[in-house]
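Please read the structure below before turning to the comments.
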Amino acid sequence: MFHALLALGVGAAWLTGDEAPAIGRHTAAGYGVAALIAFRVAWGFVGGRWSRWSAFPLLRRAEGPGHSTTAAWSALAAIGIVAGLVVTGVIVLGGEELRGPMAGLPDPSSAVVVHTVHSALAWAILAWLGVHLAGVAKQSLAERQNLARGMVDGKKRTSEPGVPARAGVAALLAGSAAGLVGWTGTRELAEVGDPLPADPIYDEACGECHLAFPPRLLPAASWERTLDESGHHFDEDLALDPDVSAHLRAWLVANAAETRIDEHAVRAAPIAGAPLRITGTEPWKTAHQGIPDAVWESPDVKSPIRCKSCHPDAAEGRFDGAFAAIPSPEDR
Amino acid sequence: MRPFLFLLAGAALAAPPAVDGLLAQYTAAGAQPFDAARGEALWNKTFPDPEGGAARACTTCHGPALSSAGEHVKTGEPIDPMNAAGRLADAEKIEKWFGRNCRWTYGHECTPQEKGDFLLYLTGGAK
């Protein structure tokens with residue numbers, strides 16, 4: 001069963017690896033595979049007789065119904081490649097998407113390199129699969145049994161006496177592995193595409209002259225300062241009603257950059273100096289570097305403050321790179 | 001008082017109830033009879049920027065005519081035409097924007113007289 005699940009998990013990850021919108025499913029598959037690998041490694045220490053690492057005939061001759069030497073090395077290679085995929089995957093997730101257990105830790109340019117390794121390993125496992133299928137077919141013919149059926153019933157026909165299935169240990173181990181990975185994974189999965197916080201009072205009070213900027217784009221200190229200085233907000237005296245002001249302050253601070261882990265919030269949280277202007281912050285400037293002045297001055301854009309000119313999902317509070325496009329005169 | 005105000009509004013469309021309420025308030029605060037022409041003149045008048053930038057008028061953001069689609073001069077955010085349906089339906093909003101926009105355009109609050117003149121002009125009062 002482990003084998004079948006692993007094959008499904010790796011297969012699912014393989015099929016969802018290429019498109020940006022499928023990243024949620026891809027990481028879900030990856031977390032599933034991580035749990036399975038963790039289980040298998042542990043099982044190799046406490047599992048059924050022929051599953052243990054001690055039973056793997058890596059450097060000696062195989063005996064009994066367990067893995068042959070070739071099979072042992074092959075299994076180890078598979079586990080190694082897949083484990084590598086999991087580790088590189090978590091690094092890429094943390095460095096490029098700023099999500100998951102390593103969110104924000106790897107620097108983005110290193111993450112890109114690791115991404116190449118991750119892709120290479122994906123091809124490696126495909127190559128391995130080819131060899132593996134050939135090997136299982138050949139061995140099934142030689143032994144005159146359908147070895148692949150062992151994936152379903154966990155048994156192999158053999159002249160040796162049976163070994164106890166150790167189902168209890170298996171269940172405990174599987175549960176722990178899944179729980180451990182789930183603990184890091186489920187919070188991350190909740191972030192993927194979950195609705196962003198919205199507040200009708202904020203939209204009304206702060207969304208009439210410009211986009212009601214999502215609070216996670218600035219640290220809490222910036223929002224506090226914005227409200228402290230609402231009497232001269234970019235040359236306007238907002239004259240906010242005190243109740244409205246208090247409500248805005250509480251909501252903005254509760255949803256500021258420090259309160260989330262996603263690619264925008266993680267970059268905004270460490271901004272120092274409580275700046276008021278989002279377009280003056282380092283993360284914004286980095287994200288928009290290389291855009292010529294002519295674009296900002298063009299009639300379709302007019303100003304960096306007009307996020308919607310290029311970000312169709314700005315009103316929802318997202319600025320997904322996959323949808324961003326500089327408008328051209330032909331779009332009019 | 002009310003019939004007199006309607007008389008002043010002349011052949012124009014009936015003002016929304018929010019506007020009526022505000023006009024009554026302004027009158028109670030001692031404003032003289034309102035005049036749409038005076039409102040129009042003030043709407044179009046330019047005032048200097050205290051920081052030395054471009055001069056500004058109501059039309060700077062709201063556009064040259066009441067039917068113009070306006071645009072926030074700094075942010076480019078679109079502003080519905082002043083004569084669009086449903087405009088001026090909320091007294092609190094009217095007061096809020098009078099507050100902000102008079103302060104920004106003129107540097108001080110508008111008097112009840114000025115606000116009344118504006119409302120008459122904006123609701124199509126007789127000239």
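Chain letters run A, B, ... following the sequence lines, proteins first and then strands; every chain starts at 1.
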message: Looking at B:Arg100 and A:Ala239, would you say the former's side chain and the latter's main chain have a donor-acceptor pair under 3.5 Å?
response: no
- request: Give, as side chain, backbone, both or neither, the part of A:Leu211 having an atom under 4.5 angstrom from any heavy atom of chain B.
  value: backbone
query: Is any side-chain heavy atom of B:Glu71 closer than 4.5 Å to a side-chain heavy atom of A:Lys302?
result: yes
- prompt: Is the backbone N or O of B:Thr75 less than 3.5 Å from a side-chain atom of A:Ser303, with the two atoms forming a donor-acceptor pair by type?
  reply: no
query: Can a salt bridge be assigned to the pair A:Arg306 and B:Glu77 using a cut-off of 4.0 Å between side-chain N and carboxylate O?
result: no
- line: The reported gap from NZ in B:Lys96 to CG in A:Leu238 (rounded to nearest 0.5 angstrom) is 9.0 Å
query: Backbone N or O of A:Phe234 within a donor-acceptor pair of the B:Lys74 side chain at under 3.5 Å?
result: yes
query: At their closest point, which heavy atom of A:Asp235 faces which heavy atom of B:Glu51, and how far apart are they?
result: OD1-OE2, 4.3 Å
